[in-house]
There are 2 protein chains.
Amino acid sequence: MTHAPVPPRRRSAGDRRAQLVAIGLELLPTTPVQELTIDEVARRAGISRSLLFHYFASKRDYYTAVTRAAADVLLEHLAPRPGLPADEQATGMLERYVGWVETYRDAHLSFVRGAAAGDPWVAGIYEETREALVDLTLTALELPDDARRRQLVRAWFAFTEDLVIQWVREPTMERAELVALLRGFLTSLLDA
Amino acid sequence: MTHAPVPPRRRSAGDRRAQLVAIGLELLPTTPVQELTIDEVARRAGISRSLLFHYFASKRDYYTAVTRAAADVLLEHLAPRPGLPADEQATGMLERYVGWVETYRDAHLSFVRGAAAGDPWVAGIYEETREALVDLTLTALELPDDARRRQLVRAWFAFTEDLVIQWVREPTMERAELVALLRGFLTSLLDA
DNA sequence: GTAGCTTGTTGACCGTTGCTCAGCAAGCCG
DNA sequence: CGGCTTGCTGAGCAACGGTCAACAAGCTAC
């Protein structure tokens, strides 16, 4: 009698899609998005490659879905908490951002890397995410958004991203100091 | 009588290597580094795939060589001009950097993108380049380099990179203003 | 000039991977 | 039971990275 090696179950379309995206998210921390192979994902899901192509038209279609899912989780985590005074929202977001990078280090780095990577589609998704973050920040600061301000906030976010990632790897200052520094630069940038 | 379609010539090892890297550099602006195919490169060089593998052990080996070549060109362009007073060096570098991005827009974007991309080897090369730029900046400012300062300068460079790329796409201020803003940001960062 | 060495160069072949397609089979309704 | 929808598979193709044995261009040595 052999241990029947997981008899493949029939699932609803929604379930399968969700399962496949979830597998992609699990793999994200260890593998750059575009490098994960269809074979591997299908194997983990216990299905054939063909089935994956039934749900996602192409490999790109698949990993953009995974990337978008990752972006959504991040955005939701950073979303402003209602009921706080407006000027604390920005600081709160910053603190949540730092906490996020601290907690999900590798996964986040993988996400950022994959996002900036060669593939224009994935890059596009990350662009959207950044724009959304800029929107969040500007409304949190109750500032109107002209083109110039958007550019500055976006660049400030690049600064933040880089510094936080470095800081997590080698903390050269107190956590509070880091947040204060980032916060201070944002305001001084927008005042000038 | 047929037009002999470019009779393949025998070249010295050095020539071939240089030619192949040059082709990679030409392709950089239009194609993310890791996505250029060996077939395409070989075809452009008028040689067989096999020959490329004779000079580069693997595809990765090839495109890291291309990436390194691109990085070298950039570094050389930014290198401090001897004979200038120390405090003008930083501004000069900044201006050359802005000019560089203005001139080579797509190629540079492709380089940055490819550099941050999934492949750890390519990412490593870009890391080195950034570190070298940080070194250049710190010595230009005649500052000692502790870990904290390095982090700040690196993050500032991320800021600069992002802002300049955005600015080239949509100039929201005068060129001089941009350079002054970046320069001012750097000094105020290092004073705090 | 021809034998022989070095070395630039190639074509044939292999394994993997993204992707297609015809068709099987599980569940459900009549 | 027959027939319908639909989740699902296996065989197979094309493209790509990579290997290998062998050819051939140019040089030197006799």
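Throughout, a chain's letter reflects where its sequence line sits, starting with A, and its residues are numbered from 1.
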Item to complete: Please work out if A/Ser58 contacts a base, only the sugar-phosphate, or nothing of the nucleic acid, heavy-atom cut-off 4.0 Å.
Response: sugar-phosphate
Worksheet item: To the nearest Å, how far apart are A/Leu52 CG and D/dC8 C1'?
Response: 12 Å
Practice prompt. Take atom OH of A/Tyr63 and atom P of C/dG18, then tell me their distance rounded to the nearest Å.
Written response: 10 Å
Worksheet item: At under 4.0 Å, does any side-chain N or O of A/Tyr55 touch on OP1 or OP2 of D/dC8?
Response: yes
Practice prompt. Could you state the atom-to-atom distance from CG of B/Asp15 to P of C/dT9 in whole Å?
Written response: 10 Å
Worksheet item: Can you tell me how far P of D/dA22 sits from CZ of B/Phe53, to the nearest Å?
Response: 21 Å
Fill in: Shared hydrophobic cluster for A/Leu75 and A/Ile125 (ILVMFWY, side-chain gaps under 4.5 Å)
no
Worksheet item: If you look at every strand shown and take non-hydrogen atoms under 4.0 Å, does B/Thr37 touch a base, only sugar-phosphate, or nothing?
Response: sugar-phosphate
Discussion item. Nearest to the side chain of B/Arg10, heavy atoms from C-beta on, is which of D/dG17, D/dG10, D/dA25?
Written reply: D/dA25
Worksheet item: So, does the side chain of A/Ser48 form a donor-acceptor pair with the base of D/dG10 at under 3.5 Å?
Response: no
Worksheet item: What is the nucleic acid contact for A/His54, judged by heavy atoms within less than 4.0 Å: base, sugar-phosphate only, or nothing?
Response: sugar-phosphate
Item to complete: Using atom NZ of A/Lys59 as one end and atom P of C/dT16 as the other, report the distance to the nearest whole Å.
Response: 16 Å
Worksheet item: For A/Tyr55, does the OH atom sit with more than 12 other heavy atoms under 6.0 Å from it, leaving out its own atoms?
Response: yes
Worksheet item: Just checking B/Arg11: base, sugar-phosphate only, or nothing, at a heavy-atom cut-off of under 4.0 Å?
Response: sugar-phosphate
Worksheet item: Starting at CG of B/Leu36 and ending at P of D/dC16, how long is that distance when rounded to a whole Å?
Response: 12 Å
Discussion item. Distance check needed: D/dC16 P versus A/Ile38 CD1, whole Å only.
Written reply: 17 Å
Item to complete: Looking at every strand, decide which applies to A/Leu51 at a 4.0 Å heavy-atom threshold: base, sugar-phosphate, or nothing.
Response: base
Fill in: Test item: A/Val73 and A/Arg68 side chains (from C-beta on) under 4.5 Å apart, heavy atoms
no
Fill in: Donor-acceptor under 3.5 Å (A/Trp167 side chain, A/Met173 main chain)
yes
Worksheet entry | A/Phe157/B/Phe159 aromatic ring centres below 6.0 Å | no
Worksheet entry | B/Arg49 CZ to C/dT9 P, straight-line distance once rounded to whole Å | 16 Å
Item to complete: Compare side-chain N and O positions of A/Arg16 against OP1 and OP2 of D/dC8 and report whether any pair is under 4.0 Å apart.
Response: yes
